[in-house]
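Beneath this line is the structure, given in structure tokens, with notes to follow.
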Amino acid sequence: MTARKEVLARIRAALRDVPPGEATEAPSRPVPAPRSFSETVELFADRVADYRAVVVRCTDTNLATRLTEAVEGCARVLVPTDLQPGLRPTGPVIVEDHLLAVTDLDAVGAVVTTARLGIAETGTIVLDHGSGQGRRAATLVPDRHVCIVRAEQVVATVTDAVAILDPSRPQTWISGPSATSDIELDRVEGVHGPRTLRVLLLG
């Protein structure tokens with residue numbers, strides 16, 4: 001007897017004494033009520049923070065101040081060439097990414113980008129490397145990533161995100177700063193990406 005037939009035989013034996021017509025399927029889980037927009041955004045902020053990322057709520061009025069605070073301590077900050085002027089921090093030297101070499105990317109203290117969307121359910125930020133998001137290397141090499149996510153870009157679930165994203169575009173899914181663990185479960189951050197993720201949640 002094959003393993004498959006043996007498993008099926010055991011299932012049939014276990015169900016032999018079930019009265020005809022009695023339900024044998026597990027009850028379906030109740031469908032949770034949909035969250036409001038504000039609840040979805042709050043969940044996103046909480047889940048991102050769970051990953052040891054720094055989440056800062058801000059408005060258009062105080063964004064410039066929050067950006068300056070987010071790159072504090074960095075002498076040079078990388079930005080995509082098409083990042084809007086109003087989204088660039090003041091204070092440090094701004095370096096535009098004209099396809100810089102990895103060694104040049106490693107020499108900046110932080111990178112500032114926008115995002116395509118955020119996912120509340122998983123606390124994930126998705127970049128599709130469109131306008132203001134930079135190329136993948138620019139967001140993975142610098143030690144600090146400051147990412148601006150607008151509240152209206154936050155969706156509830158991964159399914160919602162997949163329905164919006166263009167599968168033909170390159171995508172980077174970010175759930176907190178880069179981290180890994182050794183065999184003794186000692187957490188090490190920054191091994192294969194930014195050691196620090198700061199999310200400015202705008203709106």
Side-chain angles (χ1 to χ4, degrees), residues 1-57 113-130 133 135-137 139-141 145 147-203:
M1 178 182 290
T2 65
R4 179 177 181 275
K5 289 182 178 179
E6 183 178 351
V7 169
L8 292 175
R10 289 182 181 180
I11 292 172
R12 282 191 291 270
L15 297 175
R16 192 170 293 137
D17 58 349
V18 176
E22 182 174 317
T24 57
E25 295 182 359
S28 59
R29 295 182 180 179
V31 178
R35 296 184 181 90
S36 67
F37 171 74
S38 60
E39 289 172 334
T40 300
V41 174
E42 284 298 327
L43 178 63
F44 172 72
D46 290 344
R47 292 285 168 84
V48 173
D50 285 344
Y51 284 115
R52 300 188 186 182
V54 177
V55 181
V56 179
R57 300 295 296 266
T113 74
T114 58
R116 177 64 181 89
L117 51 79
I119 305 173
E121 183 179 61
T122 58
T124 302
I125 296 164
V126 183
L127 310 182
D128 67 2
H129 304 284
Q133 299 173 53
R135 58 193 173 109
R136 181 171 289 155
T139 61
L140 295 178
V141 176
H145 183 186
C147 191
I148 302 166
V149 181
R150 294 186 177 275
E152 59 266 26
Q153 292 179 297
V154 177
V155 299
T157 67
V158 172
T159 302
D160 294 331
V162 171
I164 294 171
L165 294 167
D166 181 351
S168 68
R169 293 193 60 83
Q171 297 174 15
T172 302
W173 293 50
I174 303 168
S175 297
S178 164
T180 189
S181 297
D182 62 17
I183 195 170
E184 295 179 354
L185 300 182
D186 292 325
R187 180 183 172 97
V188 180
E189 296 179 350
V191 175
H192 44 72
R195 190 186 311 273
T196 305
L197 174 64
R198 300 192 179 184
V199 178
L200 303 187
L201 185 51
L202 183 58

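In what follows, every heavy atom counts, from backbone to side chain, and hydrogens, waters and symmetry copies are set aside.
A120 approaches T40 most closely through the heavy-atom pair CB-O, 3.3 Å. Closest non-hydrogen pair, C147 versus L127, comes out as SG-CD2, 4.2 Å. In terms of heavy atoms, Q153 sits closest to I148 at OE1-O, 4.4 Å.
The backbone N or O of D128 sits less than 3.5 Å from a side-chain atom of Q133, completing a donor-acceptor pair. With hydrogens and angles disregarded, a donor-acceptor distance shorter than 3.5 Å links the side chain of R136 to the backbone of Q171. Of the possible polar contacts, none joining the R150 side chain to the G203 backbone as a donor-acceptor pair under 3.5 Å is found. Distance alone, capped at 3.5 Å, places no donor-acceptor pair between the E121 side chain and the L43 backbone.
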Could you go through the side chain to side chain contact (heavy atoms under 4.5 Å, CB included) check for I119 and W173 one step at a time? CA-CA 10 Å; I119 305 173; W173 293 50; 3.4 Å; yes
Using the side chain to side chain contact (heavy atoms under 4.5 Å, CB included) rule, take L201 and F44 through it: C-alpha gap first, then chi angles, then the decisive distance, then the call. CA-CA 10 Å; L201 185 51; F44 172 72; 4.1 Å; yes
Kindly indicate, with the supporting measurements, whether the criterion side chain to side chain contact (heavy atoms under 4.5 Å, CB included) is fulfilled by H145 and I125. CA-CA 12 Å; H145 183 186; I125 296 164; over 6 Å; no
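By the 4.5 Å heavy-atom criterion applied to side chains, R57 and V41 are counted as neighbours.
To the nearest 0.5 angstrom, I174 atom CD1 is 7.0 Å from L140 atom CG.
Counted within 6.0 Å of CZ on R35, heavy atoms from surrounding residues, nucleotides or ligands total 12 or fewer; the atom is thus considered open.
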